[in-house]
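Let me begin by presenting the structure, written as C-alpha cells, before commenting on it.
Everything quoted here is computed from the prediction, not taken from an experiment.
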Amino acid sequence: MNRPSPATLPILAAAALALTLGGCASKKAGRTDLAASKITTIGVNSYLWRASLDTLSFMPLVQTDSNGGVIVTDWYVNPNSPAERIKVTVSILDQDLRADAVRVAALRQVNQGGQWVAAPVQAATTQKLEDVILTKARDLRRASLAG
C-alpha cells in the first residue's frame, strides 16, 4: 500500500473532515472536537441517541423523540424474574458527547398477589445504564473517526 507524502496529509485530513461534516452549516467558535459535537439533524448528540436506542433495544419502546432527546420504554418483564417489571426513561440533555448529557430514570414494580406494586429502584441500576450508554456512545464515536 502506498503511503501519502507528508505534504499531502493536511489535504487528506481536511478532505476527510469535509466528508464527515457533510451538510453541517454552522460551527461553534473555538470548537476543536467536532466529532463529539452535533453532526446531525436531530436535536441531540447522535452518538448518545444511537447508543441509548441500542442499549434499550431489548425493551418495548413507547415514545422516542429525537429532537427532545427522550426515549420512554414500556414495562419490561425479565423472563428470569417474572414477578418484577421495569420501565425506563432516557433523557439526552445536550448536543455534545459528555458524561452529564444523559440521564436515566427507572420505575420498578413487583407483583404481589396479582397486583403490580411500586418498588424502589437501586441507584446502581440507573447508573449502570448511563455507563453502558456512554461507553457505547464513545465506541460509536471512535468507530466513526476511524472509518
Can a donor-acceptor pair be found, under 3.5 Å and without considering hydrogens, that links the side chain of Arg108 to the backbone of Ala119? no
Salt bridge check: are Lys128 and Asp131 linked by an N-O gap of less than 4.0 Å? no
Leu61 with Phe58, same ILVMFWY side-chain cluster at under 4.5 Å: yes
Could you check whether any side-chain heavy atom of Trp75 comes within less than 4.5 Å of a side-chain heavy atom of Pro60, counting everything from C-beta outward? no
For the residue pair Leu140 and Arg50, what are the closest heavy atoms and their distance? CD2-NH2, 3.1 Å
Is there side-chain contact between Val72 and Val70, with at least one heavy-atom pair below 4.5 Å? yes
Working to the nearest 0.5 angstrom, can you tell me the gap between Ile71 CD1 and Thr89 OG1? 10.0 Å
Rounded distance [0.5 Å steps], OG in Ser81 versus OH in Tyr76: 9.0 Å
State, to 0.1 Å, how close Leu107 and Val121 come at their nearest heavy-atom pair, and which atoms those are. C-CG2, 3.9 Å
Report the distance from atom CH2 of Trp49 to atom CG of Asp65, rounding to the nearest 0.5 Å. 6.5 Å
Using the side-chain contact (heavy atoms from CB on, under 4.5 Å) rule, take Arg103 and Val90 through it: C-alpha gap first, then chi angles, then the decisive distance, then the call. CA-CA 6 Å; Arg103 286 289 169 256; Val90 175; over 6 Å; no
Could you check whether any side-chain N or O of Thr73 sits under 3.5 Å from a backbone N or O of Val88, counting only pairs where one atom can act as donor and the other as acceptor? yes
Would a 4.5 Å heavy-atom cut-off, applied to side chains only, mark Ile92 and Ser52 as touching? yes
Considering all heavy atoms of both residues, which atom of Gly69 and which atom of Val44 are nearest to each other, and what is their separation? CA-CG1, 3.5 Å
When you compare the side chain of Leu53 with that of Thr64, does any pair of heavy atoms fall below 4.5 Å? yes
Compare every heavy atom of Asn45 with every heavy atom of Gln95, then report the nearest pair and how far apart it is. O-ND2, 3.1 Å
Using a 4.5 Å cut-off on heavy atoms from C-beta on, say whether the side chain of Asn78 contacts that of Glu84. no
If you round to the nearest 0.5 Å, how far is NZ of Lys87 from CG of Asp74? 6.0 Å
Which pair of non-hydrogen atoms, one from Ile86 and one from Met59, has the smallest distance, and what is that distance? O-CE, 3.7 Å
Transitive ILVMFWY side-chain link Ile42 to Val102, under 4.5 Å: yes
Using every non-hydrogen atom in the two residues, find where Arg98 and Leu48 come nearest and quote the distance to one decimal. O-CD1, 4.4 Å
Whether the side chain of Glu130 engages the backbone of Val104 through a donor-acceptor N/O pair (distance < 3.5 Å, no angle test) should be reported. yes
